[in-house]
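Whatever order the structure lists them in is the order used to number ligands and atoms, beginning at 1.
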Amino acid sequence: MFDSSPITRETVAALDQQDVLAPLRDNFDLPEGLLYFDGNSLGPLLHDSRERVAETLQQHWGRDLIQSWNRHGWIDLPRRVGAKIARLIGAQPDEVIVSDSTSVNLYKLLAAALELRPDRSVILSQPSQFPTDLYMAQGLAELRHPRPELRLAEGDNLLSALDSDVAVVSLSHVDFKTGERADLQRITQAAHKHGALVLWDLSHSAGAMDVGLAAADADLAVGCTYKFLNGGPGAPAYVYVARRLQDRAQSPLWGWFGHQDPFAFDTQYQPATGIDRFQCGTPPILSLVAVDAALNLFEQVELSQIRQKSVHLGNLLIALVEQQCPGFDLTLASPQDASIRGSQVSLRHPAGYQIMQALIERGVVGDFRAPDILRFGLTPLYQRFIDVWKAVEVLRDILEHRSWDQPEFERRGKVT
Ligand SMILES: *Cc1c(COP(=O)(O)O)cnc(C)c1O
């Protein structure tokens, strides 16, 4: 995309002129002047989501109360929203349902996978996984008898750790720290060759690229809706179970919403057929309505357009950091090769935390991941190329003047 001549502000401004996704930014309520690079952690508010939530509060909850479950279709929201997500991850509409959090859904699907492979006892994962993915496996292993083994292997060693004891491989599609994208198809195939299932965590890929679950013959997946899907803080997560596994896969959490007929109030649990059995309790309607509204925007775009812009944003950010910030101890933690990079650029610096705090104070909002990673999320639905230019200008200024080197930037909030 860039030849060896220096990138100028004009070249970057021209990229925005040519950007077919540029008009979509108007759908978002973004604070004036803010350069937001944290949409991979918490997507921004859409005008439509605000309106839908307000209508749900005032008209539905406020006026129609309990009747809203039928009259306004609350009861079907987990399936309806699941179907919208299905399109984004390359699944069938009846293979995805929205329920609980990603953490809880990991637990459900790990347990289901162990039941589907009763003669096997290993959960294979990576030490670099998002911690909750490991914790849920550790907690599950502790409760089960006989105790499954949590086997950890990184990178190339992962595939060699596959054997006939592995029931399920649990992996992130895109690494939350480095942004490295795993080869979903190749790993799924390799696991299948050994008779193992794969559980993919799509938290950092859904909504930023085509995931292609069906094309990879994927088994199980989970993911967040509050990151690239812009569903709002704490919005419920989703569960994907391939159709071919649905009548055998069982949730370990036998809540009434997963019952075949919840309103029969039967004393004995009977799992619903299909993906519905992966619901547990009453869904959080206000959050679901916000997710539902936010997902409509994706109907207006092709995932390939989103991916293409994401790659360009990433290439630009990397090229500008190289051009503007040499000699400041910054190193690239993400792959240079866009084909194995997700939708973020991560940089390492020994003073990463302070630098990020200094950036945030100047209106460039990314985040920090211990021990030394500055993360910049790339979100093609609302980011502009000029935002990347401006952010790198601020970064250079902070590094040049060492303005990060102040006690106020060392204070850590509970959330980094
Ligand atoms: C964000 C994220 C989570 C978060 O899980 P919650 O239960 O929603 O807190 C889990 N796994 C991965 C890979 C994530 O990126």
Donor + acceptor pair across side chains of Asp175, Thr178 (<3.5 Å): yes
Considering only non-hydrogen protein atoms, determine which one is nearest to [atom] and report residue, atom name and distance to 0.1 Å.
| atom | result |
| --- | --- |
| atom 7 (O) of ligand 1 | Ser103 OG, 2.6 Å |
| atom 13 (C) of ligand 1 | Asp201 OD2, 3.2 Å |
| atom 9 (O) of ligand 1 | Tyr226 OH, 3.5 Å |

contact_flag Ser172 ligand 1 heavy-atom lt 4.0 Å: yes
Contact atoms of ligand 1, heavy-atom distance to Lys227 under 4.0 Å: 1 (C), 2 (C), 3 (C), 14 (C), 15 (O)
Atoms in ligand 1 with a heavy atom of Ser101 nearer than 4.0 Å: 7 (O)
Lys108 charged N/C atom sitting above Tyr238 aromatic ring, 6.0 Å / 45°: no
Tyr353 six-ring face occupied by Arg412 cation (under 6.0 Å, within 45°): yes
Side chain, backbone, both or neither: which part of [X] comes within less than 4.0 Å of ligand 1 when only heavy atoms are counted?
| X | result |
| --- | --- |
| Thr102 | both |
| Asp133 | side chain |
| His204 | side chain |

Polar atom proximity, Thr132 to ligand 1 (N or O, under 3.5 Å): no
Ring geometry between His60 and His72 (parallel below 30°, tilted from 30 to 60°, perpendicular above 60°): parallel
Side-chain heavy atoms of Glu154 within contact of Ser128, under 4.5 Å: yes
Any side-chain heavy-atom pair of Leu124 and Ser170 under 4.5 Å: no
Qualifying residue, where the test is side-chain hydrogen bond (donor to acceptor under 3.5 Å, both in side chains) with Thr132 and the options are Ser103, Ser101, Ser203: Ser103
